[in-house]
Enquirer: 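The structure that follows is given in the form of structure tokens.
What you see is a predicted model; the values in this text were computed from it and never measured.
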Amino acid sequence: MGGRYIGIEMKVSLTVCMILCLTSIVHADQGKAVFFEPPYTPSACYGTQSYGNMVAGVSDTLWNNGRACGKSYRVKCIGGANEAPHPCKNGDTAVVKVVDYCKAGCQGIINLSKHAFSTIADPDAGIIQVEFNEV
């Protein structure tokens with residue numbers, strides 16, 4: 001009887017995990033990402049305070065009058081946004097912290113640090129399609 005209970009409990013746990021994984025996929029947004037070169041300070045959110053090299057600026061789409069400052073996003077390259085062949089790196093993701101504002105004329109929803117961009121894509125691509133969600 002104990003073995004049967006463990007089997008049911010494992011099935012329930014597996015089902016819950018699958019639902020949670022699918023929920024995170026469903027809530028991912030998509031858009032374009034570009035990158036900027038170091039230094040990553042000063043920034044609109046934190047002035048000269050550094051938050052390392054896994055940072056990003058966001059455009060008006062996410063900026064929300066500065067309320068985006070400090071939020072973290074998991075970003076994944078899903079394709080090219082120009083003629084660059086095969087810009088994505090093996091489905092890798094990068095988690096970035098919003099520290100800056102990508103002013104009008106920004107070519108992406110997310111302006112990744114070069115380090116973060118290089119984690120998920122070939123910098124020679126310049127601009128990529130990404131999916132992202134807040135973490």
Side-chain angles (χ1 to χ4, degrees):
M1 181 147 178
R4 183 174 180 187
Y5 176 74
I6 291 173
I8 292 170
E9 186 176 274
M10 288 182 70
K11 286 180 183 178
V12 169
S13 294
L14 182 59
T15 301
V16 168
C17 287
M18 288 172 49
I19 290 169
L20 289 174
C21 288
L22 290 174
T23 301
S24 67
I25 292 170
V26 170
H27 292 299
D29 290 316
Q30 294 185 358
K32 292 180 182 175
V34 293
F35 70 89
F36 62 107
E37 300 275 352
Y40 304 130
T41 58
S43 67
C45 297
Y46 303 107
T48 58
Q49 185 174 355
S50 175
Y51 279 88
N53 56 14
M54 296 299 282
V55 294
V58 295
S59 69
D60 288 327
T61 305
L62 298 173
W63 182 244
N64 197 15
N65 292 320
R67 289 186 203 96
C69 291
K71 289 185 178 184
S72 293
Y73 289 92
R74 181 177 310 280
V75 185
K76 178 182 178 181
C77 178
I78 57 171
N82 56 24
E83 300 298 318
H86 314 291
C88 299
K89 290 187 176 176
N90 302 325
D92 292 341
T93 63
V95 175
V96 295
K97 181 175 186 151
V98 175
V99 299
D100 213 352
Y101 174 59
C102 192
K103 298 175 180 72
C106 185
Q107 295 182 356
I109 289 176
I110 297 180
N111 190 8
L112 300 168
S113 63
K114 186 172 185 180
H115 188 81
F117 191 99
S118 299
T119 300
I120 62 171
D122 180 355
D124 289 338
I127 185 168
I128 55 173
Q129 290 288 340
V130 293
E131 67 179 21
F132 59 95
N133 57 339
E134 190 175 347
V135 293

Enquirer: Which heavy-atom pair separates Ala125 from Ile128 by the least distance, and what is that distance?
Expert: CB-CG2, 4.1 Å

Enquirer: So, for Met54 and Ala94, which heavy atoms are closest and what is the spacing to 0.1 Å?
Expert: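 In terms of heavy atoms, the two residues are closest at CE-CB, 3.7 Å.
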
Enquirer: Can you name the nearest heavy-atom pair linking Ala33 to Val130, along with the distance?
Expert: CB-CG1, 3.7 Å

Enquirer: Could you report the tightest heavy-atom contact between Cys77 and Pro87, atom names first, then the distance?
Expert: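 Scanning both residues completely, I find the closest heavy atoms to be SG-C, 4.4 Å.
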
Enquirer: So for atom CD, which belongs to Gln107, do other residues, nucleotides or ligands contribute more than 12 heavy atoms lying within a distance under 6.0 Å?
Expert: no

Enquirer: Using every non-hydrogen atom in the two residues, find where Gly79 and Cys88 come nearest and quote the distance to one decimal.
Expert: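 Heavy atoms of Gly79 and Cys88 come nearest at N-SG, 3.2 Å.
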
Enquirer: May I ask you to decide if the ring planes of Tyr46 and Tyr51 are parallel, tilted or perpendicular, using 30° and 60° as cut-offs?
Expert: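 Taking Tyr51 first and then Tyr46, their aromatic rings sit tilted (interplane angle of 30° to 60°).
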
Enquirer: Would Phe35 end up clustered with Val58 when hydrophobic side chains under 4.5 Å apart are linked, directly or stepwise?
Expert: yes

Enquirer: With heavy-atom distances below 4.5 Å as the criterion, would you say the side chains of Lys71 and Lys97 are in contact?
Expert: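 They are not in side-chain contact.
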
Enquirer: State, to 0.1 Å, how close Cys69 and Trp63 come at their nearest heavy-atom pair, and which atoms those are.
Expert: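 Here Cys69 and Trp63 meet closest at SG-CH2, 3.7 Å.
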
Enquirer: Please examine the side chains of Phe36 and Val55, heavy atoms only from C-beta on, and report whether any two atoms are closer than 4.5 Å.
Expert: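 Heavy-atom side-chain distance check passes, below 4.5 Å.
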
Enquirer: Without swapping roles, check the side chain of Thr41 against the backbone of Ser43 for a donor-acceptor pair under 3.5 Å.
Expert: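 Between the backbone of Ser43 and the side chain of Thr41 there is no qualifying donor-acceptor contact (under 3.5 Å).
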
Enquirer: Measuring from Ile78:CD1 to Phe132:CZ, what's the distance to the nearest 0.5 Å?
Expert: 10.0 Å

Enquirer: Are the side chains of Lys114 and Tyr40 in touch, meaning some heavy atoms are under 4.5 Å apart?
Expert: yes

Enquirer: Do Ser59 and Tyr101 have side-chain heavy atoms sitting under 4.5 Å apart?
Expert: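 No; the side chains remain at least 4.5 Å from each other.
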
Enquirer: Determine the sole option in Val98, Val95, Val135, Asn133 for which the side-chain contact (heavy atoms from CB on, under 4.5 Å) test with Tyr73 is passed.
Expert: Val98

Enquirer: Given side chains that start at C-beta, do those of Ile120 and Val75 come closer than 4.5 Å, heavy atoms only?
Expert: yes

Enquirer: Do the non-hydrogen side-chain atoms of Asp29 and Ile109 ever get within less than 4.5 Å of each other?
Expert: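 Side-chain contact under 4.5 Å: no.
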
Enquirer: For Arg74, does its backbone N or O pair with a side-chain atom of Thr93 as donor and acceptor, under 3.5 Å?
Expert: no

Enquirer: Are there over 12 heavy-atom neighbours, none belonging to Glu83, within less than 6.0 Å of that residue's CD?
Expert: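 No, because the 6.0 Å sphere around CD of Glu83 holds 12 heavy atoms or fewer from other groups.
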
Enquirer: With rounding to the nearest 0.5 angstrom, report the OG to CG distance, Ser113 to Asp100.
Expert: 11.5 Å

